[in-house]
Amino acid sequence: MTPVELSRTVLRAVRRAVDAGELDVDVPARVGVAPPGPGGCGDYATGVALQLARPAGQPPYRVAQVLRAHLAAADGIADVVLTGPGFLNISLHRTAPADLVAEVLRRGTRHGFADADANASTAAGGTLQLRCAPDPRALVVADATARILRSQGVAVRVGCTSPPASEWSTVLGVHLDADTDAGAHSRPVEEIRPVPAPGDVLALGRDAGRWALLHPAAHDRPRTGGEHLVQRESNPLFRVRYAHARSRALARNAADLGFVPEPGPVDDAHGIHALLADHPRILAAATAHRAPDRLARHLVAVADAALPFLPTVLPRGGEKPSAAHRARLALAEAAGTVLAGGLTLLGIDAPDHL
């Protein structure tokens, strides 16, 4: 269950409580869910009970108790725990590994994205406006943040306090909206203010330049040296792109051998399943915190788990392709798919050949 799907599940719980006469409130247009904060537990938490307490005329904890009963009965939810004044902490049922891989392959590079219905309901809340200074790092962080927000169904526009140098947009692939005044239904402007980058990041080119600016957290000063261009394992960007390219090469090699991916049990998967399952949560966290660096670090983790696994995919010697090989190929393709989708959200190319 993705964060967007969970948000809709929480809304349905509110609607059922209203229909049952347990709460006398207007059902909100949307509900936010996010990873639990300090003192929380489970996979996600929501403060919807605090939001509804005043209009319901009840204490937040009582509203949370009402909603907990409806949420606990919903498909895909394993447990709901109340903490603090009325936070609902939600644990999800774990998807079987083969089903998870099948879902990733079905969704493709849009794994973890919001669906069309969620896009429409979120857009109804107005257009979010991001604004940054005419600084290369601020521009790239704002651009990547907007890409991730749009993947989660958030309507967003990006503007700059003054026109940036044209080469920054051209070389780094930054898109700015011509007019960030989206009308009366816009949300307040959010400022994007990362620590500026030293040196000439343009010398790195688009892909390495964007990675250099996005991989560190916004409060950290990035390195903009040639280390981002070297083709070896010490370079995280190289590992991510190499893992993706290797997964694509394996698909081509498997086709030559006459077999195709088929999700199934995989022994010694190097933790890849858990990372694939965590991808929607990472996108939700990057959205909530306006932090594309979280996605960049997640891609490094996926690549580092995939690289030692990939050599086990194809048959060796006189082996014939078996169900185990097909299952390993499916997992490799799923990992490569997540890497390609994540790099695209960061505005970085994911080449099939490297």
Side-chain angles (χ1 to χ4, degrees), residues 127-152 154 156-180 187-231 234-241 282-303 339-351:
T127 300
L128 176 66
Q129 303 203 49
L130 302 180
R131 185 170 60 195
C132 64
D135 166 78
R137 191 182 189 200
L139 288 164
V140 169
V141 171
D143 179 78
T145 299
R147 292 168 184 256
I148 296 170
L149 286 164
R150 292 183 186 116
S151 79
Q152 301 303 294
V154 180
V156 59
R157 298 174 68 84
V158 180
C160 194
T161 54
S162 62
S166 59
E167 60 267 26
W168 293 350
S169 297
T170 303
V171 175
L172 296 174
V174 172
H175 172 74
L176 294 177
D177 295 293
D179 181 7
T180 54
R187 307 182 197 178
V189 173
E190 292 189 19
E191 301 286 346
I192 302 296
R193 297 174 177 171
V195 173
D200 180 17
V201 71
L202 298 183
L204 297 176
R206 173 171 173 166
D207 292 334
R210 289 183 69 101
W211 181 268
L213 300 176
L214 293 172
H215 183 244
H219 58 267
D220 292 332
R221 186 173 298 278
R223 296 179 179 179
T224 56
E227 66 270 19
H228 299 289
L229 296 172
V230 297
Q231 303 291 293
S234 60
N235 179 2
L237 174 60
F238 171 74
R239 298 203 302 274
V240 171
R241 299 175 87 190
I282 295 295
L283 291 181
T287 296
H289 297 281
R290 314 294 191 249
D293 58 283
R294 297 190 179 210
L295 174 58
R297 290 194 297 273
H298 177 65
L299 297 183
V300 175
V302 174
L339 293 173
L343 285 171
T344 300
L345 286 177
L346 296 177
I348 298 172
D349 186 35

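Counting from 1, the numbers follow the sequence of the chain as shown.
Between Arg290 and Leu128, the closest heavy-atom pair is NH2-CD2, 3.5 Å. Looking at every heavy atom in both residues, Leu345 comes nearest to Arg147 through O-CD, 3.0 Å. In terms of heavy atoms, Trp211 sits closest to Val240 at CH2-CG2, 4.2 Å. A pairwise comparison of heavy atoms in Pro136 and Val201 identifies CB-CG1, 4.0 Å as the closest pair. Val158 and Ala146 make their closest contact through CG2-CB, 3.5 Å (heavy atoms, listed as atom of the first residue, atom of the second, distance). Shown here for Gly205 and Leu172, the closest heavy-atom pair between the two residues is O-CD2, 4.1 Å.
Rounding to the nearest 0.5 angstrom, the gap separating the CZ atom in Arg157 from the CZ atom in Arg131 is 14.0 Å. Between the CG atom of Leu346 and the CD1 atom of Ile148 there is a distance of 5.5 Å, given to the nearest 0.5 Å. In this structure, the separation between CZ on Arg241 and CG on Leu339 is 12.0 Å, given to the nearest 0.5 Å.
In this structure, the side chains of Asp349 and Leu343 stay at 4.5 Å or more apart for every pair of heavy atoms. Inter-residue side-chain proximity for Pro164 and Val174 is flagged as unmet; no heavy-atom pair is nearer than 4.5 Å.
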Distance-only criterion, 3.5 Å: show the donor-acceptor pairs between side-chain atoms of residues 212-225 and protein atoms not counting sequence neighbours.
| unit_1 | atom_1 | unit_2 | atom_2 | d |
| --- | --- | --- | --- | --- |
| Arg221 | NH1 | Pro196 | O | 3.2 |
| Thr224 | OG1 | Pro198 | O | 2.7 |

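The side-chain hydrogen bond (donor to acceptor under 3.5 Å, both in side chains) search around Arg206 returns none, not counting sequence neighbours. Listed by chain and number, the residues in a side-chain hydrogen bond (donor to acceptor under 3.5 Å, both in side chains) with Asn235 amount to none (sequence neighbours excluded).
The backbone N or O of Val300 sits nowhere less than 3.5 Å from a side-chain atom of Arg239 that would complete a donor-acceptor pair. With hydrogens and angles ignored, the 3.5 Å screen pairs no side-chain donor or acceptor of Arg294 with any backbone N or O of Thr287.
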Evaluation steps, side chain to side chain contact (heavy atoms under 4.5 Å, CB included), between Leu149 and Leu130:
CA-CA 11 Å; Leu149 286 164; Leu130 302 180; 4.0 Å; yes
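More than 12 heavy atoms of other shown residues, nucleotides or ligands fall within 6.0 angstrom of atom CZ in Arg297.
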